[in-house]
Colleague: 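I'd like to ask some things about the structure below.
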Amino acid sequence: MGPGSGLGSGGANLADILERVLDKGVVIAGDIRVNLLDIELLTIKLRLVVASVDKAKEMGIDWWESDPALSSRARRGELGAENARLRERVAELEKRQEEAR
């Protein structure tokens with residue numbers, strides 16, 4: 001497709017829009033409520049933020065950095081903490097065993 005084709009310019013427009021969205025960020029918020037006879041049965045609050053990682057961090061959003069499922073750094077921290085707990089437990093058991101002798 002040449003530069004004069006409609007599809008090429010549509011792709012460029014989409015790229016421009018995506019670049020602006022990631023640069024500025026977009027927040028989409030909504031609530032879903034299920035009521036039966038004026039009794040609230042279910043409420044779901046939806047919040048969607050679309051932004052670049054840099055923009056999200058600038059806004060104070062960085063939850064993925066502490067989620068072990070998403071961050072190898074968080075996994076290492078979690079494993080380190082578990083390792084420390086296990087070492088303490090082993091030391092405690094060894095101490096009890098020595099005291100029992």
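Atoms considered below: every heavy atom in the structure, side chains included; atoms not considered: hydrogens, waters and symmetry mates. No experiment lies behind these values; they were computed from the predicted model shown. Residue numbers count from 1 along this sequence.
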Colleague: As an exercise, state the distance from NZ of K45 to CG of D31, rounded to the nearest 0.5 Å.
Modeller: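 Nearest 0.5 Å value for the NZ-CG distance: 4.5 Å.
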
Colleague: Testing the basics here: between A56 and A51, what is the closest heavy-atom pair and its distance to 0.1 Å?
Modeller: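 Heavy atoms of A56 and A51 come nearest at N-CB, 4.3 Å.
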
Colleague: Report whether L86 and L93 are members of the same hydrophobic cluster (ILVMFWY, side-chain heavy atoms less than 4.5 Å apart, transitive linking).
Modeller: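 In one cluster with L86: L93, no.
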
Colleague: Can R85 and E88 be counted as an ion pair, charged N to O under 4.0 angstrom?
Modeller: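 Between E88 and R85 there is no salt bridge, as every charged N stays at least 4.0 Å from the carboxylate O atoms.
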
Colleague: Between G30 and R47, which heavy-atom pair has the shortest distance, and what is it?
Modeller: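 Residues G30 and R47, closest heavy atoms: O-NH1, 3.0 Å.
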
Colleague: To the nearest 0.5 Å, what is the distance between CG on L36 and CG on L42?
Modeller: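 Spacing of CG (L36) from CG (L42) equals 12.0 Å.
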
Colleague: Linking I/L/V/M/F/W/Y whenever their side-chain heavy atoms sit closer than 4.5 Å, directly or via other members, would L46 and L48 fall into one cluster?
Modeller: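 They do not share one cluster, since no chain of ILVMFWY contacts under 4.5 Å joins L46 to L48.
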
Colleague: Does a side-chain N-to-carboxylate-O contact under 4.0 Å join E58 and K55?
Modeller: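 K55 and E58: salt-bridged.
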
